[in-house]
Amino acid sequence: MGKLTVRALRAVLVVVLAGSVFVQALMVWVLVSGSDPEDGSLPLTPLRVITILGIGTAQVTLVCVWRLVTMVRRGTVFSHAAFRYVDVIIGAIAAAALVWFTVTALNAPGQREDPGVTLIMGGIGVAILGVALLVLVLRTLLAQAVARDVEAARMRAELDEVI
């Protein structure tokens, strides 16, 4: 991965993380101060808390991606240390799916006349779980690459002994 690619990715990660922290802080301020600008029929406080948690799952993922990009840049991504970050990403995406299903459940009673919205929201939750499964498949590929790297190092050591 080139330096320009790494810098561009890091810039995107910083902008998204800073923006998400800003939005999260505003939402916490609205909850703490009690200055709710809306007076809707949905339970806004639980939705805000759930949204804050959902943003937190995205932030955890962003930090783990940053660490993995650092490992790629250093050439150490094909090691057992990378699994920790990939596992956290999988967990964060699965948690985001659970958060989304919670939002769907809170929204469902208001959609009795149009259940299609609830079905679409449920489909989005399933798609989020699909992303977690995709990352799990990529983790398996990383495990195979690490195993091949370890095997290659062992074979090099044996060849050095022979020579």
Side-chain angles (χ1 to χ4, degrees), residues 1 5-74 76-143 146:
M1 187 180 292
T5 305
V6 169
R7 286 184 182 153
L9 180 56
R10 284 185 174 169
V12 169
L13 291 173
V14 165
V15 168
V16 172
L17 188 60
S20 68
V21 168
F22 179 71
V23 169
Q24 212 173 24
L26 286 177
M27 293 183 85
V28 168
W29 175 253
V30 167
L31 286 174
V32 171
S33 69
S35 59
D36 188 358
E38 298 179 29
D39 189 27
S41 60
L42 287 175
L44 292 177
T45 299
L47 284 175
R48 283 197 180 102
V49 170
I50 291 168
T51 303
I52 290 167
L53 293 174
I55 292 171
T57 63
Q59 291 168 340
V60 167
T61 301
L62 292 170
V63 170
C64 288
V65 169
W66 181 283
R67 295 295 302 152
L68 288 170
V69 168
T70 301
M71 293 179 81
V72 167
R73 190 73 191 127
R74 291 181 185 156
T76 59
V77 75
F78 294 115
S79 66
H80 292 285
F83 290 111
R84 175 178 51 220
Y85 300 113
V86 175
D87 290 341
V88 171
I89 289 172
I90 293 168
I93 295 171
L98 292 176
V99 166
W100 185 258
F101 285 130
T102 304
V103 169
T104 302
L106 284 173
N107 188 47
Q111 300 296 328
R112 291 178 197 253
E113 286 126 21
D114 187 13
V117 173
T118 303
L119 290 173
I120 291 170
M121 289 178 72
I124 291 171
V126 171
I128 295 169
L129 282 176
V131 172
L133 290 172
L134 179 64
V135 176
L136 182 62
V137 168
L138 294 174
R139 183 194 185 283
T140 304
L141 293 174
L142 177 64
V146 168

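- Separating the CE atom in M27 from the CG atom in L47 is a distance of 8.5 Å, to the nearest 0.5 Å.
- Inter-residue side-chain proximity for L68 and I89 is flagged as met; some heavy-atom pair is nearer than 4.5 Å.
- The environment of CZ in F101 is crowded: more than 12 heavy-atom neighbours from other residues, nucleotides or ligands sit within 6.0 Å.
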Would you mind writing out the side-chain donor-acceptor pairs for residues 54-62 within the sub-3.5 Å range, not counting sequence neighbours?
residue: T57; atom: OG1; partner: G54; partner atom: O; Å: 2.5
residue: Q59; atom: NE2; partner: S20; partner atom: OG; Å: 3.0
residue: Q59; atom: NE2; partner: Q24; partner atom: OE1; Å: 2.9
residue: T61; atom: OG1; partner: T57; partner atom: O; Å: 3.0

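- Put simply, CD1 on I120 and OG1 on T104 are 11.0 Å apart, with the number rounded to the nearest 0.5 Å.
- The shortest side-chain heavy-atom distance between V146 and F83 falls under the 4.5 Å cut-off.
- Residues passing the side chain to side chain donor-acceptor pair (under 3.5 Å) test with R84: none are found, sequence neighbours excluded.
- The distance from atom OG1 of T70 to atom CZ of R67, rounded to the nearest 0.5 Å, is 5.5 Å.
- When all heavy atoms of M121 and W100 are compared, the closest pair comes out as O-NE1, 2.7 Å.
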Taking distance alone, no hydrogens or angles, what donor-acceptor pairs closer than 3.5 Å link side-chain atoms of residues 126-142 to residues at least two apart or in another chain?
residue: R139; atom: NE; partner: D87; partner atom: OD1; Å: 2.5
residue: T140; atom: OG1; partner: L136; partner atom: O; Å: 3.1

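- Considering CD1 of I52 and CG of L26, their distance stands at 10.0 Å, rounded to 0.5 Å.
- S79 approaches M71 most closely through the heavy-atom pair OG-CE, 3.5 Å.
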